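Each remark here refers to the structure printed beneath this line.
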Amino acid sequence: MWCTMEYIDDVFLSVLRSKIFKNRDALSPDYIPEVLPHRESQIRRLGGILAHALKGSKPGNVFIYGLTGTGKTAVTKFVLRRLTLKARELNVAVKYAYINCRQSDTPYRVLADIAEALGIRVPFTGLSIAEVYRRILRGLNEYKGVFIIVLDELDSLIKRKGDDILYKLLRVNEEGIEVKVSLICITNDVKLLEILDPRVRSSLGEEEIIFPPYNALELRDILLFRAKEAFNDGVLEEDVIPLCAALAAKEHGDARRALDLLRVAGEIAERENSDKVTCEHVKKAYSEIEKNTTLEVVKSLPLQAKIVLHAILLLEEKNVKPITTGHIYSVYTNLCKVIGVSCLTQRRISDIISQLDTLGLISAEIVSRGRYGRTRVVKINVDRKILVEALKDWRSITH
DNA sequence: CGTCCACAGGAATGACGGGCGG
DNA sequence: CCGCCCGTCATTCCTGTGGACG
């Protein structure tokens, strides 16, 4: 009893008076800092466009393009926050809805989120899309002002569900309503604009802002700023930040990755009761992050996807030269028989394979082998040992 | 140079559960 | 409570296609 209490108290205390962290939240992906280094021009562009809202007129629609972790979301939120503050100061009606299309990945949920931002209560499900749309129009009619809709990670929505929602949202302005609705679309796929309906495209492409990836030097500046807020003075060894920046720069200059790396390195240092964060901690953090994410992804996979993944793993172990859809499917059907699970069509497996690809677990490249047909060649994309661990339960049954 | 393989991937459809309006 | 409409998963049927083979 005593021991437990003391132990618990120790845990509390060690967190409360952390030797390492001053404010760990400053490294979280949701944190919007006061300074966004190396994004001045994008902030100025977006701010200039949206400033029209302060005069009560409709800002042009904006299309924002940039790879993950290039600050698109942070810049957008940052500018919108300043804008609404300024609007309140000037007593102008400006509202915005921020929607992450990866989380709200159906037309219904997008509309529901918009409704919610307008203060309209909408059930999780049960209404027709048209009904939600009608309610939003009604809400907008009462509101009378500038309304900005941000659609973050729009590509995941469009690719799966098409662009009719965009069409609807763009048409709001023509419904005979006094409200001005502007769209900000954020995507990491350049080709997205090309996929869209021409009318939608020209309307969305009114303004275009590009976010290039950060290089290692820029990442270093970002980390320096954040580290000042997040860590106690002098706990970072000199090379820690450059190392985090360099590792993240190798992976497309993703600032979120760099920040994660730094945060986890700090957590490891703390766990080890170290006074300093060292490069060793960063390296540990690097592999820990990779392991955790893949483990989590694999475990949360639906049953059939796990079986498919297992089939791929078996083929790779048997050293099958090119792993193709056909191979996977035949191994998969065998596995299903062994386990006693109903097996799906090849069509479905094809979809599951591409899902595994977009999750990053495998890379499936479409290859044409002439007379021998056109197929996907699959290669495992993560540490095999981690996959084996994640699929442990299966292996005992099947071998 | 045409064939034809081994699939990719779109469209239509259905089964099913969740959840609301009435 | 029923009927309706969602979203998800899965099937069926289908057309499309790059390039080695003959």
Side-chain angles (χ1 to χ4, degrees), chain A residues 99-116 118-139 151 153-169 189 191-192 194-197 297-312 315 320-337 339-359 361-379:
Chain A
I99 294 149
N100 185 319
C101 299
R102 191 190 292 274
Q103 286 160 25
S104 308
D105 60 350
T106 71
Y108 184 91
R109 269 180 250 168
V110 169
L111 288 181
D113 285 355
I114 293 172
E116 199 177 318
L118 285 167
I120 306 169
R121 189 197 146 260
V122 171
F124 273 132
T125 170
L127 298 183
S128 77
I129 287 189
E131 173 59 22
V132 180
Y133 186 68
R134 228 172 290 139
R135 290 188 188 189
I136 288 174
L137 285 184
R138 209 182 308 145
L151 299 173
E153 305 197 60
L154 180 65
D155 33 334
S156 55
L157 178 63
I158 298 301
K159 278 179 196 156
R160 288 151 40 97
K161 305 289 167 182
D163 55 3
D164 8 328
I165 329 101
L166 282 184
Y167 194 70
K168 263 198 176 124
L169 289 177
D189 186 354
K191 289 175 289 179
L192 186 71
E194 297 163 20
I195 300 170
L196 299 174
D197 183 293
V297 168
V298 172
K299 278 183 180 163
S300 65
L301 241 36
L303 174 64
Q304 296 287 357
K306 276 184 191 163
I307 302 176
V308 173
L309 189 57
H310 192 188
I312 296 170
L315 282 168
V320 177
K321 314 197 282 173
I323 302 179
T324 66
T325 306
H327 290 144
I328 295 170
Y329 188 64
S330 65
V331 173
Y332 159 83
T333 45
N334 282 336
L335 279 176
C336 283
K337 272 177 210 153
I339 308 172
V341 178
S342 60
C343 80
L344 308 176
T345 337
Q346 182 170 303
R347 178 69 185 84
R348 189 82 247 284
I349 299 309
S350 169
D351 276 346
I352 290 177
I353 290 173
S354 30
Q355 271 170 244
L356 291 177
D357 178 291
T358 49
L359 285 172
L361 294 175
I362 62 175
S363 55
E365 195 193 351
I366 31 238
V367 164
S368 185
R369 295 177 303 163
R371 221 241 74 163
Y372 302 104
R374 212 159 165 266
T375 183
R376 280 190 175 104
V377 171
V378 171
K379 181 84 194 78

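Computation of the quantities below employed the complete heavy-atom set of this structure, encompassing side-chain atoms and omitting hydrogens, waters and symmetry-equivalent molecules. Here the structure is a predicted model, which means the values were calculated and not measured. Below, read A as the first sequence line, B as the second, and so on, with proteins coming before strands; counting in each chain starts at 1.
Counting heavy atoms of neighbouring residues, nucleotides and ligands inside a 6.0 Å radius, atom CD of A:Glu116 does not exceed 12 of them.
Summarising the geometry, the separation between OH on A:Tyr329 and C1' on C:dT11 is reported as 11 Å, rounded to the nearest angstrom. One atom, CG of A:Leu303, and another, C1' of C:dA10, lie 14 Å apart when rounded to the nearest Å. When the C1' atom of C:dT8 is taken as reference, atom CD of A:Gln355 falls 11 Å away, rounded to whole Å. In this structure, A:Arg376 atom CZ and B:dC7 atom P are separated by 11 Å, rounded to whole Å. Distance, A:His327 NE2 to B:dA6 P: 10 Å, rounded to whole Å.
For A:Glu365, the side-chain contact (heavy atoms from CB on, under 4.5 Å) partners are A:Val367, not counting sequence neighbours. With sequence neighbours excluded, no residue forms a salt bridge (Lys or Arg N to Asp or Glu O under 4.0 Å) with A:Arg376.
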- request: At under 4.0 Å between heavy atoms, which parts of nucleotides 14-22 of chain C does protein reach? Answer with one letter per nucleotide, 5' to 3': B base, S sugar-phosphate only, - none.
  value: --BBBBBS-
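For the pair A:His327 (side chain) and A:Ala311 (backbone), a donor-acceptor distance under 3.5 Å is absent. With hydrogens and angles disregarded, no donor-acceptor distance shorter than 3.5 Å links the side chain of A:Tyr108 to the backbone of A:Val132. In this structure a side-chain-to-backbone donor-acceptor pair under 3.5 Å is present from A:Asp357 to A:Ala364.
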Measure all distances between protein nitrogen or oxygen atoms and nitrogen or oxygen atoms of nucleotides 15-17 of chain B, and list the pairs falling under 3.5 Å.
none

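Annotation: salt bridge (charged side-chain N to carboxylate O under 4.0 Å, His left out) contacts involving residues 339-350 of chain A, sequence neighbours excluded, comprise A:Arg347-A:Asp351.
Within the 4.0 Å cut-off from OP1 or OP2 of B:dG9, not a single side-chain nitrogen or oxygen of A:Ser354 is found.
Distance check: A:Ile352 CD1 to A:Gln346 CD gives 12.0 Å after rounding to the nearest 0.5 Å. Separating the CZ atom in A:Arg135 from the CG atom in A:Leu118 is a distance of 13.0 Å, to the nearest 0.5 Å. Put simply, OH on A:Tyr329 and OG1 on A:Thr333 are 6.0 Å apart, with the number rounded to the nearest 0.5 Å. Taken to the nearest 0.5 Å, the CD1 atom of A:Ile353 stands 6.5 Å off from the CD1 atom of A:Ile362.
Contacts between residues 342-351 of chain A and DNA chain B, defined by a heavy-atom separation below 4.0 Å, involve A:Gln346, A:Arg347, A:Ser350, listed by number.
Remark on DNA chain B: of its neighbouring residues A:Thr324 and A:Arg135, the 5'-side contact belongs to A:Thr324, judged by nearest-heavy-atom nucleotide.
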